[in-house]
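First up is the structure itself, then whatever we jot down about it.
Both backbone and side-chain heavy atoms feed into the values below; hydrogens, waters and symmetry mates do not.
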Amino acid sequence: MVETAAALRTVARNVRAARTRAGLSLEELSRRSQVSKGALVALEKAQGNPNLATLVRLADTLGISVSALMQGPSEGRVRIVDADAVAPLWTGERGGEARLMLTTSGPAPVEVWRWRLAPDETYPSHPHQAGVVETVSVTSGRMVLIVDGVEHTVEAGQTATFDADAPHTYRGSGTETCSLIMTVHLPPGPASTT
(Lines give C-alpha, C1' and ligand atoms only; values in the text may rest on other atoms or scores of the structure.)
Protein backbone atom coordinates (compact mmCIF):
# COMPACT_ATOMS: atom_id res chain seq x y z
CA MET A 1 0.00 0.00 0.00
CA VAL A 2 2.92 2.37 0.71
CA GLU A 3 4.28 1.73 -2.82
CA THR A 4 0.87 2.56 -4.30
CA ALA A 5 0.68 5.85 -2.37
CA ALA A 6 4.21 6.78 -3.47
CA ALA A 7 3.37 5.94 -7.09
CA LEU A 8 0.22 8.07 -6.91
CA ARG A 9 2.22 11.01 -5.51
CA THR A 10 4.68 10.65 -8.41
CA VAL A 11 1.84 10.61 -10.95
CA ALA A 12 0.25 13.65 -9.27
CA ARG A 13 3.50 15.62 -9.39
CA ASN A 14 4.19 14.62 -13.02
CA VAL A 15 0.67 15.40 -14.27
CA ARG A 16 0.72 18.81 -12.60
CA ALA A 17 4.20 19.60 -13.99
CA ALA A 18 3.30 18.46 -17.53
CA ARG A 19 0.03 20.42 -17.45
CA THR A 20 1.88 23.54 -16.28
CA ARG A 21 4.58 23.12 -18.98
CA ALA A 22 1.84 22.79 -21.59
CA GLY A 23 0.14 25.94 -20.26
CA LEU A 24 -3.17 24.15 -19.71
CA SER A 25 -5.73 24.87 -17.04
CA LEU A 26 -7.48 21.96 -15.35
CA GLU A 27 -10.59 22.81 -17.39
CA GLU A 28 -8.71 22.73 -20.69
CA LEU A 29 -6.87 19.50 -19.88
CA SER A 30 -10.22 17.99 -18.89
CA ARG A 31 -11.83 19.06 -22.15
CA ARG A 32 -8.96 17.85 -24.36
CA SER A 33 -8.36 14.54 -22.57
CA GLN A 34 -12.04 13.75 -21.86
CA VAL A 35 -11.13 13.14 -18.20
CA SER A 36 -13.45 14.86 -15.74
CA LYS A 37 -12.14 17.93 -13.96
CA GLY A 38 -12.99 16.30 -10.63
CA ALA A 39 -10.84 13.29 -11.49
CA LEU A 40 -7.98 15.62 -12.49
CA VAL A 41 -8.24 17.61 -9.27
CA ALA A 42 -8.18 14.38 -7.25
CA LEU A 43 -5.27 13.03 -9.29
CA GLU A 44 -3.20 16.18 -8.79
CA LYS A 45 -3.87 15.85 -5.04
CA ALA A 46 -2.59 12.22 -5.18
CA GLN A 47 -6.07 10.87 -4.52
CA GLY A 48 -8.14 8.38 -6.45
CA ASN A 49 -7.08 5.42 -8.56
CA PRO A 50 -6.56 6.33 -12.24
CA ASN A 51 -6.91 3.42 -14.65
CA LEU A 52 -4.75 2.72 -17.69
CA ALA A 53 -7.21 4.35 -20.10
CA THR A 54 -7.15 7.58 -18.06
CA LEU A 55 -3.34 7.64 -17.95
CA VAL A 56 -3.14 7.02 -21.72
CA ARG A 57 -5.61 9.84 -22.46
CA LEU A 58 -3.67 12.25 -20.22
CA ALA A 59 -0.30 11.25 -21.69
CA ASP A 60 -1.58 11.60 -25.26
CA THR A 61 -3.12 15.00 -24.52
CA LEU A 62 0.06 16.24 -22.79
CA GLY A 63 2.28 14.83 -25.56
CA ILE A 64 4.30 12.62 -23.22
CA SER A 65 4.61 8.90 -22.49
CA VAL A 66 2.57 7.06 -19.88
CA SER A 67 5.76 6.22 -18.05
CA ALA A 68 6.71 9.92 -17.98
CA LEU A 69 3.63 10.30 -15.80
CA MET A 70 4.68 7.42 -13.57
CA GLN A 71 8.45 7.58 -13.25
CA GLY A 72 10.54 9.50 -10.78
CA PRO A 73 13.94 10.97 -11.60
CA SER A 74 16.38 9.01 -13.75
CA GLU A 75 18.24 6.30 -11.86
CA GLY A 76 21.48 6.36 -13.86
CA ARG A 77 23.01 5.28 -17.13
CA VAL A 78 21.65 1.70 -17.12
CA ARG A 79 18.24 0.77 -15.81
CA ILE A 80 17.26 -2.85 -15.21
CA VAL A 81 13.65 -3.57 -14.35
CA ASP A 82 12.30 -6.83 -12.95
CA ALA A 83 8.77 -7.57 -14.20
CA ASP A 84 7.64 -8.58 -10.71
CA ALA A 85 8.75 -5.18 -9.34
CA VAL A 86 6.34 -3.32 -11.66
CA ALA A 87 2.66 -3.25 -10.74
CA PRO A 88 0.24 -4.03 -13.58
CA LEU A 89 -1.52 -0.98 -15.02
CA TRP A 90 -4.28 -3.18 -16.37
CA THR A 91 -5.62 -6.49 -15.11
CA GLY A 92 -8.22 -8.47 -17.00
CA GLU A 93 -11.11 -10.48 -15.67
CA ARG A 94 -9.39 -13.74 -16.68
CA GLY A 95 -5.94 -13.03 -15.22
CA GLY A 96 -4.44 -11.00 -18.04
CA GLU A 97 -2.28 -8.01 -17.27
CA ALA A 98 -0.21 -5.22 -18.78
CA ARG A 99 2.95 -3.91 -17.14
CA LEU A 100 4.79 -0.82 -18.35
CA MET A 101 8.39 -1.91 -17.89
CA LEU A 102 10.20 1.27 -18.90
CA THR A 103 10.42 4.11 -21.36
CA THR A 104 13.49 5.19 -23.25
CA SER A 105 14.47 8.84 -23.01
CA GLY A 106 15.09 11.28 -25.81
CA PRO A 107 13.08 13.24 -28.34
CA ALA A 108 11.11 10.15 -29.52
CA PRO A 109 10.64 7.87 -26.47
CA VAL A 110 9.66 4.21 -26.71
CA GLU A 111 7.55 2.50 -24.03
CA VAL A 112 8.22 -1.20 -23.41
CA TRP A 113 5.27 -3.23 -22.06
CA ARG A 114 4.81 -6.88 -21.03
CA TRP A 115 1.30 -8.22 -21.65
CA ARG A 116 -0.51 -11.45 -20.85
CA LEU A 117 -3.92 -12.19 -22.34
CA ALA A 118 -6.01 -15.25 -21.44
CA PRO A 119 -7.97 -16.89 -24.26
CA ASP A 120 -10.85 -14.58 -25.30
CA GLU A 121 -9.66 -11.84 -22.92
CA THR A 122 -9.90 -8.44 -24.60
CA TYR A 123 -8.35 -5.03 -24.11
CA PRO A 124 -9.82 -2.26 -26.31
CA SER A 125 -7.75 0.90 -26.76
CA HIS A 126 -8.89 4.27 -27.97
CA PRO A 127 -6.89 5.88 -30.81
CA HIS A 128 -3.65 7.56 -29.73
CA GLN A 129 -2.25 10.85 -30.96
CA ALA A 130 -1.05 11.00 -34.57
CA GLY A 131 2.44 9.58 -35.02
CA VAL A 132 2.19 6.89 -32.31
CA VAL A 133 3.24 3.45 -33.64
CA GLU A 134 2.70 0.23 -31.70
CA THR A 135 4.56 -3.03 -32.24
CA VAL A 136 3.53 -6.35 -30.69
CA SER A 137 5.81 -9.39 -30.56
CA VAL A 138 4.08 -12.57 -29.40
CA THR A 139 6.45 -14.75 -27.37
CA SER A 140 3.96 -17.54 -26.59
CA GLY A 141 0.38 -18.33 -27.48
CA ARG A 142 -1.66 -16.42 -30.03
CA MET A 143 -3.56 -13.16 -30.15
CA VAL A 144 -5.90 -11.33 -32.44
CA LEU A 145 -4.99 -7.71 -33.15
CA ILE A 146 -7.94 -5.67 -34.33
CA VAL A 147 -7.13 -2.36 -36.02
CA ASP A 148 -9.93 -0.26 -37.50
CA GLY A 149 -12.25 -3.27 -37.22
CA VAL A 150 -9.97 -5.62 -39.21
CA GLU A 151 -8.71 -8.75 -37.39
CA HIS A 152 -5.10 -9.94 -37.69
CA THR A 153 -3.93 -13.17 -36.02
CA VAL A 154 -0.43 -12.89 -34.52
CA GLU A 155 1.19 -16.18 -33.46
CA ALA A 156 4.16 -16.97 -31.21
CA GLY A 157 7.31 -15.82 -32.97
CA GLN A 158 5.50 -13.20 -35.05
CA THR A 159 5.61 -9.41 -34.74
CA ALA A 160 3.04 -6.89 -35.99
CA THR A 161 3.26 -3.11 -36.15
CA PHE A 162 0.62 -0.47 -36.88
CA ASP A 163 -0.18 3.22 -36.65
CA ALA A 164 -2.03 3.49 -33.34
CA ASP A 165 -4.08 6.58 -34.20
CA ALA A 166 -6.97 4.25 -35.09
CA PRO A 167 -9.18 2.23 -32.72
CA HIS A 168 -7.40 -1.02 -31.81
CA THR A 169 -8.02 -4.04 -29.61
CA TYR A 170 -5.90 -6.90 -28.29
CA ARG A 171 -7.61 -10.27 -27.75
CA GLY A 172 -6.15 -13.53 -26.50
CA SER A 173 -6.81 -16.40 -28.89
CA GLY A 174 -6.42 -20.17 -28.90
CA THR A 175 -6.27 -22.36 -25.80
CA GLU A 176 -3.29 -20.97 -23.90
CA THR A 177 -2.37 -17.61 -22.42
CA CYS A 178 -0.74 -15.25 -24.89
CA SER A 179 2.42 -13.46 -23.74
CA LEU A 180 3.71 -10.53 -25.72
CA ILE A 181 6.06 -7.59 -25.63
CA MET A 182 4.55 -4.35 -26.88
CA THR A 183 6.48 -1.24 -27.75
CA VAL A 184 4.84 2.14 -28.17
CA HIS A 185 6.89 4.50 -30.32
CA LEU A 186 5.97 8.08 -29.50
CA PRO A 187 6.36 10.87 -32.05
CA PRO A 188 9.38 13.15 -31.71
CA GLY A 189 8.86 16.56 -30.25
CA PRO A 190 10.06 18.67 -27.36
CA ALA A 191 6.99 17.78 -25.25
CA SER A 192 7.66 14.04 -25.65
CA THR A 193 10.89 13.84 -23.70
CA THR A 194 10.79 12.00 -20.40
(request) List for me each residue that meets salt bridge (Lys or Arg N to Asp or Glu O under 4.0 Å) alongside Lys45, sequence neighbours excluded, and say none if there are none. (result) none
(request) Quick one: which residue pairs count as a salt bridge (charged side-chain N to carboxylate O under 4.0 Å, His left out) with a foot in residues 92-107, not counting sequence neighbours? (result) Glu97-Arg99, Glu97-Arg116
(request) Let me see the working for Thr169 and Ser125 under side-chain contact (heavy atoms from CB on, under 4.5 Å), right down to the final yes or no. (result) CA-CA 6 Å; Thr169 300; Ser125 179; over 6 Å; no
(request) For Ser137, enumerate each residue passing the side-chain hydrogen bond (donor to acceptor under 3.5 Å, both in side chains) test, keeping only those at least two apart in sequence or located in another chain. (result) Thr159
(message) Tell me every residue that passes side-chain hydrogen bond (donor to acceptor under 3.5 Å, both in side chains) with Arg16, counting only those two or more places apart in sequence or in another chain.
(response) none
(request) Could I get the full list of salt bridge (Lys or Arg N to Asp or Glu O under 4.0 Å) partners for Arg171, not counting sequence neighbours? (result) Glu151
(request) Applying side-chain contact (heavy atoms from CB on, under 4.5 Å), run through Val35 and Leu29 and close with a yes or a no. (result) CA-CA 8 Å; Val35 174; Leu29 179 57; over 6 Å; no
(request) Run through the side-chain heavy atoms of Ile, Leu, Val, Met, Phe, Trp and Tyr, join any pair under 4.5 Å, and report what else lands in Ile146's cluster. (result) Val144
(request) Under 4.5 Å between side-chain heavy atoms, chaining through other members, with only Ile, Leu, Val, Met, Phe, Trp and Tyr counted: pull out the rest of the cluster around Val133, sorted by chain and number. (result) none
(request) List for me each residue that meets salt bridge (Lys or Arg N to Asp or Glu O under 4.0 Å) alongside Arg142, sequence neighbours excluded, and say none if there are none. (result) Glu155
(request) Identify the two heavy atoms, one from Ala156 and one from Ser140, that lie closest to each other, and give their separation to 0.1 Å. (result) CB-CA, 3.9 Å
(message) Ignoring hydrogens, what is the shortest heavy-atom contact between Pro127 and Pro167? Give both atom names and the distance.
(response) CG-N, 3.6 Å
(message) How long is the straight-line distance from CE of Met182 back to CG of Leu100, given to the nearest 0.5 Å?
(response) 8.5 Å
Donor-acceptor contacts under 3.5 Å from residues 54-62 side chains, at least two apart:
unit_1, atom_1, unit_2, atom_2, d
Thr54, OG1, Asn51, OD1, 3.0
Arg57, NE, Ser33, O, 3.3
Asp60, OD2, His128, ND1, 3.0
Thr61, OG1, Arg57, O, 2.8

(request) Verify side-chain contact (heavy atoms from CB on, under 4.5 Å) between Leu186 and Glu111, making sure each step is shown before the conclusion. (result) CA-CA 8 Å; Leu186 300 161; Glu111 297 176 348; 4.3 Å; yes
(message) Using a 3.5 Å distance criterion without hydrogens, assess whether the side chain of Thr104 forms a donor-acceptor pair with backbone atoms of Val110.
(response) yes
(request) Just jot down the salt bridge (Lys or Arg N to Asp or Glu O under 4.0 Å) partners of Glu28, sequence neighbours excluded, or say none. (result) Arg31, Arg32
(message) Quick check: closest heavy atoms across Ser30 and Ser36, and the distance to 0.1 Å?
(response) OG-C, 3.6 Å
(request) Measure the spacing between CG of Asp120 and OG of Ser173 and express it to the nearest 0.5 Å. (result) 7.0 Å
(request) Check whether any side-chain heavy atom of Val138 lies under 4.5 Å from a side-chain heavy atom of Cys178, and answer yes or no. (result) yes
(message) Go through it in stages, so that I can follow the logic: the residues are His168 and His126, the test is side-chain contact (heavy atoms from CB on, under 4.5 Å), and I'd like the CA-CA distance, side-chain angles, deciding distance and then a yes or no.
(response) CA-CA 7 Å; His168 51 284; His126 75 286; over 6 Å; no
(request) Enumerate the residue pairs fulfilling salt bridge (charged side-chain N to carboxylate O under 4.0 Å, His left out) with a member in residues 156-166, sequence neighbours excluded, ordered by first and then second residue. (result) none
(request) Look at atom CD of Gln34 and say whether more than 12 heavy atoms of other residues, nucleotides or ligands are closer to it than 6.0 Å. (result) no
(message) Using 0.5 Å steps for rounding, measure from the CG atom of Leu145 to the CZ atom of Phe162.
(response) 5.0 Å
(message) Please enumerate all residues that pass side-chain hydrogen bond (donor to acceptor under 3.5 Å, both in side chains) together with Thr161, with sequence neighbours excluded.
(response) Thr135
(request) Measure the CG-CH2 distance between Leu102 and Trp113 for me, rounded to the nearest 0.5 Å. (result) 11.5 Å
(message) To the nearest 0.5 Å, what is the distance between CH2 on Trp115 and OG1 on Thr177?
(response) 14.0 Å
(message) I need the Leu180 CG to Met143 CE distance, nearest 0.5 Å.
(response) 5.5 Å
